[in-house]
Structures are given as structure tokens and as C-alpha cells.
Amino acid sequence: MAALWSGGLSRLLPLRRAHRNFRRGLKAYEQGRHADALQAWRRAGAAGHADAQFRLGQLYARGQGVIRSVPDAVAWYRRAAERGQLEAQLQLSLIYFSGEPHAAEGATIWFQTATELNAGAARRNAQLLFPNGIDVAKDLDEAVRWTRAAAEGGKPEAQANLGYFYLHGLGCDQDFDAARRHYLAAAHQGIGKAELGLALLYENGLGVERDLAAAAGWYAKAAEKGEVAAQVGLARLYLKGIDGSPKFDEAAALLQKAADVGDPGALRYLALLHIAGEGVARDLDKAETCFRKAANKGFVPAMIGLGEFFSRGQGVPPNLEEAAMWYRRAAEAGDARAQFIVGRFYARGEGMPKSVSEAAKWFLRAAEQAHPAAEFNIAVFLLTGTGVDRDIEKALSWCERAAQHGIAAAQLKLGSLYLRGDEVPRDPERAAKWFGEAVNKGEPAAETALALLHLNGQGVPRDASRAEELLRKAAERGHAPALVQLGHLFSQRDSVEASKEDATRWYRAAAEAGQIEAQVILGRNFLEGRGVVQDAKQGAEWFRRAAENDFGPAQLQLAIMHCTGQGVPLDLETAVAWYRKAARNGESLAQFNLGVMLLKGQGTRQNVGEAIGWYEKAAEQGLAAAQVALGDLYIAGVGTERNEEAARQWYRKAADGGNETAAKRLRDMAAADSPPPARATLTG
């Protein structure tokens, strides 16, 4: 019996000494004698006292009485955690969740200096001097392990943290139901972060039915406990008007509380309220101040808010330079939307010097983050060699990404590329596929393109009814080229008068919408009485509209009509004016006719030199009449020195093109050059 008592006493005495040392350490710590607390707790900790081990971890973590060293703190926390000390388990989980790359400040400085002197010796000595290392690596598995241990021990903060891990799938599989259960356990013990977590689950319908009223209730509980994110979340719900109408005053009050402690999200929302004058007085200066405070904290949405504020000039003059600066800061912080906007600013030269290479750089950065519009823009740049080296293969790749992300312009571009086959192998079926995707987006240009494929049976079955349906849809969306195609469709039908009337109706609609092709067709139809009652005056009016749109063939036709007085007053001066415009637009017949009128002084002052210049332009385009006229001028020496060789060259060009007049001129010149036949003489 005495032996048993002696053995029990031998076990109890060290525990009592450890507890006395722990209490001595507490007293020393409360008196600010951290070094004494360290010594007392070290003795208690060595004897296995879990609370002393936890307190030692705190001293190392805080650098109290010892050089701050989180690795040493982790070593003591782990000893305590393995003995079931809940707070140690919680602290251990928090350290592993974030990691501590420079956890032992003094050790880090020593190691850097020693490494510069002798790297090998530094590594060897570091192992001796700092057996627990000089940093702590982030380890989500360990973080979850110790969080779970503390949660199972009933630590409410750990239960809330475990809910967070399950919500985001950090160190474990994402499980919204498990997140809800752990959040709920912590919330019932009054943990604000858990109430915030439940609010997020109900607001977004994660693992539960979406319930904004329930979300608001949990946000309100957390907000009362000073959870800033909950104050902002509840304000956001109030702004949405979950009870039927927005509560601007309540939202503004909550946001002001969060903004007072510097929350950047709250500052941004307050800025927006000050701009709109909702819940607070409209005050653009305060709005700008709120934006700047949030932006200077590195909050990207606030940087973008400032960019919008200065680019739109919301009640103040726009300042594109300032807008560009803030968008660029957001772009440099990695925001894809801002990168796209900066690219656009550089492309347009707005707020910064125009630079297509800089535009391409920022479009590419945004595209690499799957920004659909940027994907299409960089595709176009690569396709055209704008700001980057031309690369068709890369262009197609980016264009397809943009198309797959639903950018109708990219789908339309791919359809056009595969239909033309200029840059890629021609593939009408792929063209039809991409046009079809754009049609599903309601893109009228794609509807028109797909209709033409159906009319011609390219890549899709020939189907005039489907083509007409698509063209009508595009026309209803105001796509003028579809009106022209409808005119073509009805004009080519064999049924007849009714179709011709429909064709005229569609051509007229297209012409009134500014489609030059339709204006010319109507002009020609009225001039010749095709499908309409012949009316040269109406014909001239449609030619005039097309001519005023700088369309050379219409300008030529209008000039001819003014020369003949068909549908318009006979007016040679006006004719010369239209001939000149058409000639400048490259119309060879207009160049020749203008030359004729300048040569004769009809409708304008005679100018032989200018006439020859226009003859030459028309002749160089292969107009036989101009080539013959030039030959005649060189033969006659009118306006130029007589030059038979030059005349012969122009005649030959016209003759080679089948012009009989030129051929006859050449024969006449050849005959004139031949010597007379020799006469026989008598001798005797």
C-alpha cells in the first residue's frame, strides 16, 4: 500500500509543480514581466502543462520576452493542441491557413546576412540555431485538421471557420450543407462571422433555398456585433429593395458605419449614393472622396468607379486623363474589364497618347483572363497586323474563343472568313455554323448572310423560304442590306407583277435607308420602266441620292442625264461638275467624257492640257475610245507635239482590245509609210 501511495505521489508532484509554475507565469505576465513568465511557463510546459504550452506559443507569436518567432510558436501550439488545448488548436489552424513566409523576424535578418557571407555555413548553422525553421508554409490540410479538432471540442470560432472552409472548398471538398451546419452551431453561440456566413448562404441559395429575408435577418445579427461585411451585405439588400422598395436611408446609415472604419466596399457604395442623391445628399465632392479613399486602399472596384466618374463627367466636366489613370491602376492590379478599357483608350487616343501597340498589349492581357470583347479585339488586331505581328492562326484561335463566349461580332467574323476563304481554307459549312450562332444572338448581318447561303445552297440546303424568313427578320431589325436582298429575291421570281411590286417596295425601303445599291437599282428601273411605270424624273432623283453619297457610277449617270436633259434640265455645267466627281472616283467613261467637254469647251472653259490628262487616265484603264482619241491628238499635234510613235502605241492598245477604228488608223498609217512601187524602164 505504501508503495502504491509513493508511486501516485511521484506522479502528482510534477503536475502540482507544473501548475504552480503556470500560475507564477500568469502573475508575471499580468505584471508585464514577460521574460519571467517565459521561464515559468517553459518549466510548466516541459512538464506537459497544455495551457502553459499554449501561453508559450503566444509569447513567441507576439515577441513578448523573446524574439518573435512564429515557427517556435507553432512548435508550442502543437504540443498544447495535441493535448486537446482548444485555443492552441484554433491558433495553429489560423497560422497554417495563412502561412508565415517571414515568421522569425530576427532569424530572417540573420539568415540573409549570413547567406551573403557563406551560404553553405548559413544553412548548416540555421538548422542548429533555429530547429523549428524561420518560416511556416501555408498548409490547408493542417489548417482544416486543427480547425476540425477545435470545432469538435466545442470551440465556436473554430466551428465558424470550419463552415468557411466548407463554403469555399479550402482544404476539403466544397460542401454547402456542412458549411450551414457548422455555421449554425457557431451562430447559436453568438459568433458574428457564422451569422455572416449563414447570410451569404441564404442570399445566394447555396445549399438552401434562396431566401433574402432570412439572409437579411442573419446579416442584421452579425451587423449588430460589428461585423463590417455584414453591415455592407445588409445595406446591399436594402438597396435591392427586398421588401418591395429600396431602403436608401437604412442602407446609407449602415454603409456609413462600415465606411467609418475604412471598409472600401462601403466607401464605394456611399460614393454611388452621393452621386445619385439617394439616402444621402447629392454631393459629387463627397462621392469622389469616398471613391479615392477606397481606391487608395487598393480596392479595384473603386478605381473603376473613379474611372467611370471622370470619363462620364457625372455632373462635372469629363476628365479623360484622370479616368485613364484610374482605369490603368485597376488594369495593373489585374482587373480584366479595366485592362479592356485601357486598351480601348489607347486604341482611340482618349486620355492617353494613341498607341495601337499598347492597345494590343492590354487587349491581350484582358483576353488572357477570358474577357470576351478583348478576345475579339485582339483577334482583329492579329488578323490585320494592328499593333502586333500579323498572325492568322492566333487570330482565328482568339476569334473562336470570343465566338464561343457569345460575341456575335466574332461569330459573324468567323462566318465571313470561312465563306470568303481568303485567310483560311474556304468552308461554307463552318461559315453557316457560325452565322447560325450569330443568328441565335439576333445579329441581323448574320441573318442576311445565312439567308444568302440558303438562297445559293452553300453549306446549307437550298431553301428560299428560309432565306426569306431570315431576311424579313433582319429587315424588321432595321438592317438595310437585308432590304436590298429582299428586293433581289422578289425581282428574280418568275411569278410576276405582284413580285415586281414587292421588289420595288423593298428596294425603295432600302434606298430610303441610304443603301446606294438600291438607289441605283431604283434609278435604273424608273429610267427604263422595269417593274415600274417609266419615269425619268424619279430615276434621276434616285441617281442623285446615290451620287451625293459619292458613288461614282451614279455620278456618271447623272452627268449623262444632264447632258441629254433626260429627267433633269439640260445643263452642261452641272454635267461637267458630276463628270468631274465621277472621274475623281475612277470612272473611266466619266474621265473620257470630261476630257471631251474640256477639249471642246462645253459646259466649262476649254482646257486642252487638262483634257489630255483625263484622256490618259481613261486610256490607262483600258477605255478604247480614250485610247483612240489620244492617238488622234498625237497625230494632229493638238495640245501636244505631234508624235506618230505615241499615236501608234495608243492605237495598238485599242486595236488589241478589238477596236476596229484603231485598227483602221494603224492600217492607214502603215499605208502612208510604204514607198510607191518601182516603175520599169526601157534600155536600148
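What you see is a predicted model, and the numbers here were worked out from it, not measured in a lab. We're numbering straight along the sequence, starting at 1.
Residues Ala510 and Ala480 approach most closely at CB-O, 4.1 Å, considering heavy atoms. Here the closest non-hydrogen pair linking Leu412 and Ala438 is N-CB, 4.3 Å. Considering all non-hydrogen atoms of both residues, Leu598 and Ala611 come closest at CB-CB, 3.8 Å. A pairwise comparison of heavy atoms in Tyr327 and Ala338 identifies O-CB, 3.5 Å as the closest pair. Taking each heavy atom of Trp326 and Ala295 in turn, the nearest pair found is CZ3-CB, 3.5 Å. Of all heavy-atom pairs spanning Ile516 and Ala546, the tightest one is CG2-CB, 4.0 Å.
In this structure a side-chain-to-backbone donor-acceptor pair under 3.5 Å is present from Thr564 to Met561. Judged by distance alone, with hydrogens and angles left aside, the side-chain atoms of Asp571 form a donor-acceptor pair with the main-chain N or O of Glu573 at under 3.5 Å. Side-chain atoms of Arg282 do not come within 3.5 Å of backbone N or O of Ala276 as any donor-acceptor pair. Of the possible polar contacts, none joining the Glu587 side chain to the Ala582 backbone as a donor-acceptor pair under 3.5 Å is found. A donor-acceptor pair under 3.5 Å is formed between the side chain of Arg462 and the backbone N or O of Leu455.
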I'd like to know whether Leu320 forms a side-chain contact (heavy atoms from CB on, under 4.5 Å) with Ser311, so could you lay out the CA-CA distance, the side-chain angles of the two residues, the decisive distance to 0.1 Å, and finally the verdict. CA-CA 5 Å; Leu320 294 182; Ser311 62; 4.1 Å; yes
Would you please test Glu308 and Arg337 for salt bridge (Lys or Arg N to Asp or Glu O under 4.0 Å) and show each step? CA-CA 12 Å; Glu308 292 174 348; Arg337 179 180 168 227; 2.5 Å; yes
Yes or no on side-chain contact (heavy atoms from CB on, under 4.5 Å) for Arg545 and Trp542, after CA distance, side-chain angles and deciding distance? CA-CA 5 Å; Arg545 292 198 191 186; Trp542 287 114; 3.3 Å; yes
Take Met597 and Cys563, measure what side-chain contact (heavy atoms from CB on, under 4.5 Å) needs, and give me the verdict at the end. CA-CA 10 Å; Met597 298 189 82; Cys563 276; 4.1 Å; yes
Do Glu645 and Arg648 pass the salt bridge (Lys or Arg N to Asp or Glu O under 4.0 Å) test, and can you show the C-alpha distance, the side-chain angles, and the key distance before you say yes or no? CA-CA 5 Å; Glu645 183 53 34; Arg648 187 175 285 107; 3.3 Å; yes
Show, in sequence, the C-alpha distance, side-chain angles and deciding distance for Asp502 and Arg505, and conclude whether the salt bridge (Lys or Arg N to Asp or Glu O under 4.0 Å) test is met. CA-CA 5 Å; Asp502 286 340; Arg505 178 168 58 84; 3.5 Å; yes
Between Gln555 and Asp550, does the side chain to side chain donor-acceptor pair (under 3.5 Å) criterion hold? Intermediate values first, please. CA-CA 7 Å; Gln555 293 166 336; Asp550 205 30; 3.1 Å; yes
Determine, step by step, whether Tyr418 and Val424 satisfy the side-chain contact (heavy atoms from CB on, under 4.5 Å) criterion, reporting the C-alpha distance in whole Å, the side-chain angles of both residues, the deciding distance to 0.1 Å, and the verdict. CA-CA 6 Å; Tyr418 284 117; Val424 298; 3.5 Å; yes
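Asp668 and Lys664 are joined by a salt bridge, as a carboxylate oxygen and a charged side-chain nitrogen come within less than 4.0 angstrom of each other. Checked for salt-bridge contact, Glu548 and Arg544 meet the test: a charged N lies under 4.0 Å from a carboxylate O. For Arg642 and Glu644, the salt-bridge test passes: some basic side-chain N is under 4.0 Å from an acidic carboxylate O. We find that Glu469 and Arg472 are not joined by a salt bridge, their nearest charged nitrogen and carboxylate oxygen being 4.0 Å or further apart. A salt bridge is defined here as a Lys NZ or Arg NE, NH1 or NH2 lying under 4.0 Å from an Asp or Glu carboxylate O, and Glu610 with Arg580 meets this definition. Contact check on Glu400 versus Lys413 returns no salt bridge, with no Lys/Arg side-chain nitrogen under 4.0 Å from an Asp/Glu carboxylate oxygen. Comment: Arg420 engages Asp422 in a salt bridge, judged by a side-chain N to carboxylate O separation of less than 4.0 angstrom.
Separating the CG atom in Leu414 from the CG atom in Asp427 is a distance of 11.5 Å, to the nearest 0.5 Å. We find the CD-CG distance between Gln515 and Leu522 to be 12.0 Å, quoted to the nearest 0.5 Å. Between atom CZ of residue Phe376 and atom CZ of residue Phe381 there is a gap of 11.0 Å, rounded to the nearest 0.5 Å. Thr384 OG1 to Glu423 CD: the interatomic distance, rounded to the nearest 0.5 Å, is 10.0 Å. For the atom pair Leu594 CG and Lys581 NZ, the distance stands at 13.0 Å (nearest 0.5 Å). Residue Asn643 holds its CG atom at 12.0 Å from CG of Leu633, rounded to the nearest 0.5 Å.
Within the 4.5 Å cutoff, no side-chain heavy atoms of Ile560 are placed close to those of Gln566. Proximity of Glu358 to Phe363: side-chain heavy atoms (C-beta onward) are nowhere separated by under 4.5 Å. Using a 4.5 Å heavy-atom cutoff, the side chains of Phe435 and Ser416 are in contact. With contacts defined as side-chain heavy-atom distances shorter than 4.5 Å, the pair Val608/Leu599 qualifies. Under the 4.5 Å side-chain criterion, counting only non-hydrogen atoms from C-beta, Trp578 is not in contact with Leu556. Using a 4.5 Å heavy-atom threshold, the side chains of Trp650 and Val628 count as separate. Residues Arg524 and Gln557 have side chains in contact (heavy-atom distance under 4.5 Å, counting atoms from C-beta outward). For the pair Ile521/His488, a side-chain contact is recorded, criterion being any heavy-atom separation below 4.5 Å from C-beta on.
Of the N and O atoms on the side chains of Asn593 and Tyr579, at least one donor lies less than 3.5 Å from an acceptor on the other residue. Gln591 and Glu616 form no side-chain donor-acceptor contact under 3.5 Å, judged by distance and modelled atom types alone. His371 and Gln339 share no side-chain donor-acceptor pair at under 3.5 Å.
The ring pair (Phe, Tyr, Trp, His ring centres under 6.0 Å) analysis of residues 581-618, with sequence neighbours excluded, yields the pairs Phe592-Tyr615. Pairs passing the side-chain hydrogen bond (donor to acceptor under 3.5 Å, both in side chains) check and including a residue from residues 434-454, sequence neighbours excluded, read Glu447-Arg477. Sorted by first and then second residue, the side-chain hydrogen bond (donor to acceptor under 3.5 Å, both in side chains) pairs with a member in residues 627-640 read Asp632-Tyr651, Asp632-Arg665; sequence neighbours excluded.
Qualifying salt bridge (charged side-chain N to carboxylate O under 4.0 Å, His left out) partners for Arg584, counting only residues two or more places apart in sequence or in other chains: none. Partners of Gln404 by side-chain hydrogen bond (donor to acceptor under 3.5 Å, both in side chains), not counting sequence neighbours: none found. Under the side-chain hydrogen bond (donor to acceptor under 3.5 Å, both in side chains) criterion, Glu393 pairs with no residue, sequence neighbours left out.
Other residues, nucleotides and ligands contribute at most 12 non-hydrogen atoms within 6.0 Å of the NZ atom of Lys394. A 6.0 Å sphere centred on NZ of Lys537 holds no more than 12 heavy atoms belonging to other residues, nucleotides or ligands. Under a cut-off of 6.0 angstrom, the local environment of CD in Gln369 is crowded, with over 12 non-hydrogen atoms contributed by other residues, nucleotides or ligands.
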